[in-house]
Amino acid sequence: MKVPVSSLRHIALFVPNLRSAEHYYQSVFDMELIGREAEHSDGLWYTLPFDKGWDEAEAAGIEPGMLALRRDEFVLALFRGDAPPGQIYVIGLTMPTEEMARVRARLPEDTQVSEAALDRLEFRDPYQIMWQISVPGDEFRTAGDFASRWLKL
């Protein structure tokens, strides 16, 4: 028996600068911080107290290596580091037209937007991740199918 996938729970990405990535994704997707963590010498991850920020962690000699942001049920986990082979290339989301317009309005002016229609938004973020956002009910189609470009056999 197949169990259907009902929703995307989280995505984890590597970013070179965790602090700036936190700011970027919080502002563009209107996400809340749910925790910053640092790996301890015992190999386990420990969470920074919620009343402490980047400056307090830095002053204490703590360098967070992971953080998590939430929007509704979706969590974006960010890890400090360079993207290894196999890094995510595209993330596709669905959201109502009104929310898509709010995301578009929050994008920095220098964002590489490749498509901006009422029912679709596609942009590349500063970490080279392509985000493709469409309205609910817009089923996934290949680029060739979408643009009527077919291979000749």
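For this chain, numbers begin at 1 and follow the sequence in order.
Here the CZ atom belonging to R19 is positioned 14.5 Å from the CG atom belonging to L78, to the nearest 0.5 angstrom. Summarising the geometry, atom CG belonging to L76 is positioned 9.5 Å from atom CD1 belonging to I34; distances are rounded to the nearest 0.5 Å. Separation of atoms CZ (F50) and CZ (R36) is listed at 10.0 Å; rounding is to 0.5 Å. In this structure, CD in E32 is found 9.0 Å from CG in D72, a value given to the nearest 0.5 Å. Atom CG of residue N17 and atom CD of residue E22 lie 10.5 Å apart, to the nearest 0.5 angstrom. Atom CZ in R102 sits 10.5 Å away from atom OG1 in T97 (nearest 0.5 Å).
In the hydrophobic cluster analysis, where Ile, Leu, Val, Met, Phe, Trp and Tyr join through side-chain heavy atoms closer than 4.5 angstrom, M31 is grouped together with L93. If you chain together hydrophobic residues whose side chains sit under 4.5 Å apart, V28 and W131 fall into the same group. Hydrophobic clustering keeps F79 apart from F74 (ILVMFWY residues linked when any side-chain heavy atoms are closer than 4.5 Å, directly or through intermediates). M130 and F14 fall into different hydrophobic clusters, where Ile, Leu, Val, Met, Phe, Trp and Tyr residues are linked whenever their side-chain heavy atoms come under 4.5 Å apart, directly or through other members. Y46 and L67 fall into different hydrophobic clusters, where Ile, Leu, Val, Met, Phe, Trp and Tyr side chains are chained together by heavy-atom contacts under 4.5 Å.
In terms of modelled atom types and a separation under 3.5 Å, the side chain of R71 and the main chain of F29 share a donor-acceptor contact. Not a single donor-acceptor pair under 3.5 Å links the side chain of R120 to the backbone N or O of Q132.
Taking the side chain as every heavy atom from C-beta outward, I133 and V103 approach each other to under 4.5 Å. For the pair M66 and W45, the minimum side-chain heavy-atom distance is below 4.5 Å.
Here the closest heavy-atom approach between residue V90 and residue I88 is recorded as O-CG2, 3.5 Å. Across I62 and A38, no two heavy atoms sit closer than the pair CG2-CB, 3.8 Å. The minimum heavy-atom distance between P96 and P136, with the atom names listed, is N-CD, 4.0 Å. Counting all heavy atoms, side chain and backbone alike, L121 lies closest to M100 at N-SD, 3.6 Å.
Surrounding CD of E58 are at most 12 heavy atoms belonging to other residues, nucleotides or ligands under 6.0 Å away. By the 6.0 Å contact criterion, CG on D82 is open, its count of non-hydrogen atoms from other residues, nucleotides or ligands being 12 or less. Taking a 6.0 Å sphere around CG of L118, one finds it holds 12 or fewer heavy atoms contributed by other residues, nucleotides or ligands.
Using cut-offs of 30° and 60° for the angle between ring planes, the Y24 and Y127 rings count as perpendicular.
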Open item on the list: Applying side chain to side chain contact (heavy atoms under 4.5 Å, CB included) to E37 and L48, what does each step give before you reach the verdict?
Closed with: CA-CA 6 Å; E37 293 190 336; L48 190 67; over 6 Å; no
Task: Trace of the side chain to side chain contact (heavy atoms under 4.5 Å, CB included) decision for E63 with R80 - done: CA-CA 10 Å; E63 186 175 6; R80 183 176 24 87; 3.5 Å; yes
Task: Derivation of the side chain to side chain contact (heavy atoms under 4.5 Å, CB included) call for Q26 and L33 - done: CA-CA 8 Å; Q26 267 189 312; L33 175 70; 3.8 Å; yes
Task: I129 and I91: CA distance, side-chain angles, deciding distance, side chain to side chain contact (heavy atoms under 4.5 Å, CB included) verdict - done: CA-CA 7 Å; I129 302 295; I91 297 173; 3.9 Å; yes
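Applying the side-chain hydrogen bond (donor to acceptor under 3.5 Å, both in side chains) test to every pair with at least one member in residues 103-112, sequence neighbours left out, gives these pairs: E99-R106.
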